[in-house]
Visitor: 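Can you read through this structure? Questions will come right after.
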Protein chains: 2
Amino acid sequence: MDKQIHNRKLEQLITNGVPEDDHAKKISDFFKATGEPTRVKIILALSQTSLSVNEIAEILNMSQSGISHQLKTLRDARIVVGERFGKEVHYRLVDNHIVRIFEQVIKHADE
Amino acid sequence: MDKQIHNRKLEQLITNGVPEDDHAKKISDFFKATGEPTRVKIILALSQTSLSVNEIAEILNMSQSGISHQLKTLRDARIVVGERFGKEVHYRLVDNHIVRIFEQVIKHADE
DNA sequence: TGAACATATGAACAGATGTGCATATGTTTG
DNA sequence: CAAACATATGCACATCTGTTCATATGTTCA
């Protein structure tokens with residue numbers, strides 16, 4: 001038999017809803033995409049201007065392939081979008097939601 | 001010889017500052033801590049009320065040890081703090097910065 | 001003090017993740 | 001069409017990470 005829920009705090013959580021797996025997964029998927037230094041640098045760079053893959057690789061001093069892989073992760077998390085112009089693909093942040101989230105986190109990290 | 005920086009966008013990034021390793025590391029450390037479903041659930045639960053380790057373990061249906069390890073990660077990222085009351089340690093979110101960040105991310109994830 | 005309870009920590013292991021290399025796909029231009 | 005350039009993708013591998021088990025540390029109370 002399960003342990004009994006025995007206090008007010010747990011009752012409150014039961015009523016307001018224990019965190020659901022799907023919900024938590026969605027949220028952590030976003031954070032997972034931003035939880036890596038290279039991808040953070042990409043996002044910070046794109047917060048200033050849109051950039052092609054090679055430009056990002058040049059700025060961050062990494063291989064084109066490495067950057068392309070990371071951009072895929074960021075695309076999957078709907079953090080960046082790429083638009084093709086001829087041979088190049090210009091990447092930019094999806095919206096400035098992202099920038100606002102980063103601003104808050106930077107504030108938090110600087111305390 | 002390095003490739004020449006050859007366009008306006010890159011010049012702008014150079015002036016405004018290419019993303020620094022330390023800065024990116026700090027930011028990604030925060031995101032890394034939130035980028036895992038179990039820890040997200042802990043944070044969501046703590047956003048409603050403070051909880052002891054065993055209470056969290058019960059709610060999330062996980063081992064005490066597992067939760068304790070995750071709480072260490074969250075402590076290290078200064079997302080939660082624990083305060084001891086007798087035998088128990090009550091955990092809570094450090095500030096409501098965290099909740100605001102989560103609200104924004106949830107909005108982003110729900111689009 | 002010793003038993004019972006709550007939490008923390010170290011070791012070990014399976015599974016996930018970041019990166020570079022080689023190569024494929026897509027696009028332009030001669 | 002072929003060559004040159006930009007980007008994407010599969011593979012392989014080293015590293016990192018989440019979880020459990022066993023045990024240590026901390027606290028209360030009889």
Side-chain angles (χ1 to χ4, degrees), chain A residues 3-4 6-7 9-10 19 21 24-25 27-43 46 50-77 79-92, chain B residues 3-4 6-7 9-10 19 21 24-25 27-43 46 50-77 79-92:
Chain A
K3 261 190 200 170
Q4 278 290 320
H6 56 293
N7 69 32
K9 289 194 276 182
L10 297 201
D21 279 2
K25 176 83 168 39
I27 298 172
S28 70
D29 279 347
F30 174 89
F31 284 126
K32 199 165 290 198
T34 54
E36 205 277 327
T38 301
R39 291 194 292 270
V40 165
K41 286 191 230 168
I42 294 175
I43 293 169
L46 292 180
S50 68
L51 293 164
S52 74
V53 177
N54 271 337
E55 285 173 332
I56 298 173
E58 189 176 336
I59 291 167
L60 303 190
N61 202 35
M62 283 185 56
S63 72
Q64 177 270 321
S65 165
I67 297 299
S68 200
H69 279 297
Q70 300 295 22
L71 285 170
K72 170 159 179 48
T73 303
L74 292 173
R75 260 187 282 126
D76 290 348
I79 290 172
V80 306
V81 272
E83 191 176 357
R84 186 174 272 277
F85 290 94
K87 288 184 275 192
E88 301 179 352
V89 177
H90 294 354
Y91 278 90
R92 61 168 195 277
Chain B
K3 260 191 200 170
Q4 278 290 321
H6 55 292
N7 69 30
K9 291 194 274 181
L10 298 202
D21 279 2
K25 177 83 168 42
I27 297 172
S28 70
D29 279 347
F30 174 90
F31 285 125
K32 199 165 291 197
T34 55
E36 204 277 327
T38 301
R39 291 194 291 271
V40 165
K41 288 192 228 168
I42 293 175
I43 292 169
L46 292 180
S50 68
L51 293 164
S52 73
V53 179
N54 272 338
E55 286 173 331
I56 298 172
E58 189 176 336
I59 290 167
L60 303 190
N61 201 36
M62 283 187 57
S63 71
Q64 176 270 319
S65 167
I67 297 298
S68 199
H69 279 297
Q70 300 295 24
L71 285 169
K72 172 161 177 47
T73 304
L74 292 173
R75 259 187 280 126
D76 290 349
I79 290 173
V80 305
V81 271
E83 191 177 356
R84 187 174 271 278
F85 290 95
K87 288 183 275 192
E88 299 179 349
V89 177
H90 294 355
Y91 278 90
R92 63 170 194 278

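Note on naming: letters A, B, ... go to the chains in the order of the sequence lines (proteins, then strands), and numbering restarts at 1 for each one.
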Visitor: Atom CD in Glu36(B), atom NZ in Lys25(A): separation rounded to 0.5 Å?
Guide: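 One finds 11.0 Å between CD of Glu36(B) and NZ of Lys25(A).
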Visitor: Who are the side chain to side chain contact (heavy atoms under 4.5 Å, CB included) partners of Val53(A), not counting sequence neighbours?
Guide: Gln64(A), Ile67(A), Leu71(A), Tyr91(A)
Visitor: How long is the line joining NZ of Lys25(A) and P of dA16(C), in whole Å?
Guide: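 Lys25(A) atom NZ is separated from dA16(C) atom P by 11 Å.
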Visitor: Tell me, for nucleotides 8-19 of chain D in 5' to 3' order, what letter each nucleotide earns: B for a base near a protein heavy atom under 4.0 Å, S for only sugar-phosphate near one, - for neither?
Guide: BBB------SSB
Visitor: Send over the distance from Lys87(B) NZ to dA6(C) P, rounded to a whole Å.
Guide: 6 Å
Visitor: Evaluate the side-chain proximity of Arg92(A) to Val81(A): yes if any heavy-atom separation is below 4.5 Å, no if none is.
Guide: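 Yes; the side chains approach each other to less than 4.5 Å.
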Visitor: Got a second to check how far Ser68(B)'s OG is from Met62(B)'s CE, nearest 0.5 Å?
Guide: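 Spacing of OG (Ser68(B)) from CE (Met62(B)) equals 11.0 Å.
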Visitor: Could you give the CD-to-P distance, from Glu58(B) to dT7(C), as a whole number of Å?
Guide: 11 Å
Visitor: Check the distance between dA6(C)'s C1' and Glu83(B)'s CD and give it to me in whole angstrom.
Guide: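 So the two atoms are 16 Å apart, to the nearest Å.
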Visitor: Rounded to the nearest angstrom, tell me the gap between atom CG in Asp76(A) and atom P in dT17(C).
Guide: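 It is 12 Å, rounded to the nearest whole Å.
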Visitor: So does Asn54(B) get a side-chain nitrogen or oxygen closer than 4.0 Å to the phosphate oxygens (OP1/OP2) of dT7(C)?
Guide: yes
Visitor: Rounded to whole Å, how long is the line connecting atom CZ of Phe85(B) with atom C1' of dC5(C)?
Guide: 18 Å
Visitor: Round to the nearest Å and state the distance from Asn61(A) atom CG to dG18(C) atom P.
Guide: 19 Å
Visitor: Suppose we screen for side chain to side chain contact (heavy atoms under 4.5 Å, CB included). Which residues come up paired with Ser28(B), at least two apart in sequence or across chains?
Guide: Pro37(A), Val40(A)
Visitor: Report the distance from atom CG of Leu46(A) to atom CD1 of Ile56(A), rounding to the nearest 0.5 Å.
Guide: 4.5 Å
